[in-house]
Amino acid sequence: MGSKVLEKYLSENLENLKSRGLYSVIDTLEGANGPLIAINGRQLINLSSNNYLGLATDPRVVEATISATRLYGAGAGAVRTINGTLGIHDELETKLADFKHTEAALTFQSGFNCNMGAIAAVMDKNDAILSDELNHASIIDGCRLSGASVIRYGHSDMQDLRTKAEDAKNSGKYNKIMVITDGVFSMDGDIAKLPEIVEIAEELDLITYVDDAHGSGVLGGGAGTVAHFGLSDRIDFQIGTLSKAIGVVGGYVAGTRQLVDWLKVRARPFLFSTAMTPGAAGGCLEALRILSESKELNDTLWQNGRYLKKKLKELGFDIGKSETPITPCIIGDESKAQKFSRELYLEGVYAKALVFPTVPSGTARIRNMPTAAHSIDMLDQALGVYEKAGKRMGII
Ligand SMILES: *Cc1c(COP(=O)(O)O)cnc(C)c1O
């Protein structure tokens with residue numbers, strides 16, 4: 001039978017969401033998440049994955065996950081601190097530190113877990129965190145979990161950050177103050193103003209924390225946003241995910257040896273959740289090897305991104321202020337954006353609409369994620385659909 005209270009809670013709330021059109025159905029892919037996907041027996045050009053470099057479906061990465069699985073087994077068998085640390089985890093961490101130009105790195109089971117563990121490992125109720133208002137949900141939750149006072153500053157508003165940082169410092173209330181930002185903001189594709197953030201941080205002795213989930217593998221020739229600005233030795237925490245450009249799953253912190261030593265005894269998901277699978281670690285190692293040997297995938301990603309942006313803009317779409325391959329098409333009205341996404345879908349293009357509360361009200365958009373695995377021909381086909389549907393709906 002189950003609890004009546006729970007049943008009432010669930011049915012009322014589900015009904016409420018559904019009646020307001022806010023309960024979205026999850027699509028299931030019949031196969032891999034490559035540049036072309038199949039849903040309900042139909043083939044679609046995929047513009048919604050984070051598989052920036054096409055590595056999730058790269059045969060070399062797939063093979064590497066299989067070999068690592070054969071060698072080390074399907075699961076790590078324990079949390080890292082008991083006896084779940086396998087040779088392949090150490091290898092991956094050494095490689096990640098190289099990749100990020102830091103002394104050391106520590107992996108987690110996901111980027112989300114990494115933010116859950118890393119922030120609370122150093123910040124507590126006697127501290128304050130300055131957080132960009134558009135930071136990712138996992139940063140917001142990680143900050144809450146730490147118990148520190150969270151002070152939000154306007155998106156990439158350096159004057160606001162400076163004022164709030166000075167106020168926090170002068171209040172004398174906090175032992176430590178941290179500033180946290182995404183490296184690349186995934187809704188608009190804009191880049192954090194890291195040189196200015198570092199300047200303010202160094203002046204006021206703030207701890208710096210950059211979550212570069214969308215920048216790694218994309219900016220700085222692949223090394224990420226911090227490397228793009230040449231700031232590798234001036235950021236305390238560089239967070240990355242292994243699930244986007246790297247194409248597998250997992251998260252990591254790159255920083256000093258001392259920081260990593262501390263996280264090993266204080267980051268709770270590291271201590272209390274089983275280590276990432278050996279297969280995933282092997283796949284990540286191969287992805288990093290591919291990235292360090294050739295810039296080809298990175299170059300193709302940028303070429304495709306520039307091409308898509310240029311063509312959408314020529315067609316008359318509002319593509320916002322993206323500085324990365326992430327290409328939004330800002331529609332404004334929520335239901336119009338949903339309808340446009342649906343029209344694209346019916347004509348063979350998978351590009352999701354992002355609406356409030358994921359983006360501010362009245363700025364609903366379709367977000368396009370071109371990857372290195374798309375051919376120009378696929379992008380042209382998608383653009384043809386954009387033009388037709390856009391004209392039909394009076395968007396362009
Ligand atoms: C996607 C994302 C995460 C979560 O990473 P996962 O590895 O998918 O858990 C964390 N932070 C930011 C900024 C992200 O974009």
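Counting convention: from 1, in listed order, for ligands and their atoms alike. Bear in mind that the values here come from a model prediction, so they are computed numbers and not experimental data. Note that these values count all heavy atoms, side chains included, but never hydrogens, waters or copies made by symmetry.
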At less than 4.0 angstrom from any non-hydrogen atom of [X], what atoms of ligand 1 do you find?
| X | result |
| --- | --- |
| Ser243 | 6 (P), 7 (O), 8 (O) |
| Asp211 | 10 (C), 11 (N), 12 (C), 13 (C) |
| His214 | 15 (O) |
| Ser138 | 10 (C), 11 (N) |
| Lys244 | 1 (C), 2 (C), 3 (C), 14 (C), 15 (O) |
| Ala213 | 2 (C), 11 (N), 12 (C), 13 (C), 14 (C), 15 (O) |
| Thr241 | 5 (O), 6 (P), 7 (O) |
| Asp182 | 13 (C) |

Salt-bridge contact [X]-[Y] (side-chain N to carboxylate O under 4.0 Å):
| X | Y | value |
| --- | --- | --- |
| Arg365 | Asp188 | yes |
| Lys309 | Glu314 | no |
| Arg162 | Glu196 | no |

Legend entry - Aromatic ring proximity, centroids under 6.0 angstrom, Phe340 and Tyr345: no

Inset, instruction - Determine, using ring centers only, whether Tyr386 and Phe317 are less than 6.0 Å apart. - result: yes

Inset, instruction - Identify the protein heavy atom lying closest to atom 3 (C) of ligand 1, giving its residue, its atom name and the separation to 0.1 Å. - result: His136 CE1, 3.4 Å

Inset, instruction - Looking only at protein heavy atoms, identify the closest one to atom 5 (O) of ligand 1 and say how far it is in Å. - result: Gly111 CA, 3.5 Å

Legend entry - Greater than 12 external heavy atoms within 6.0 Å of Glu323's CD: yes

Inset, instruction - Identify the heavy atoms of Pro325 and Val218 that sit nearest to each other, and give their distance. - result: CD-CG1, 3.7 Å

Inset, instruction - For Val349 and Leu44, work out which heavy atoms get closest and say how close. - result: N-CD2, 3.9 Å

Inset, instruction - May I ask you to check whether Phe112 has an N/O atom sitting below 3.5 Å from an N/O atom of ligand 1? - result: yes

Inset, instruction - Mark the output for Gly183 as yes if a heavy-atom distance to ligand 1 is under 4.0 Å, and as no if none is. - result: no

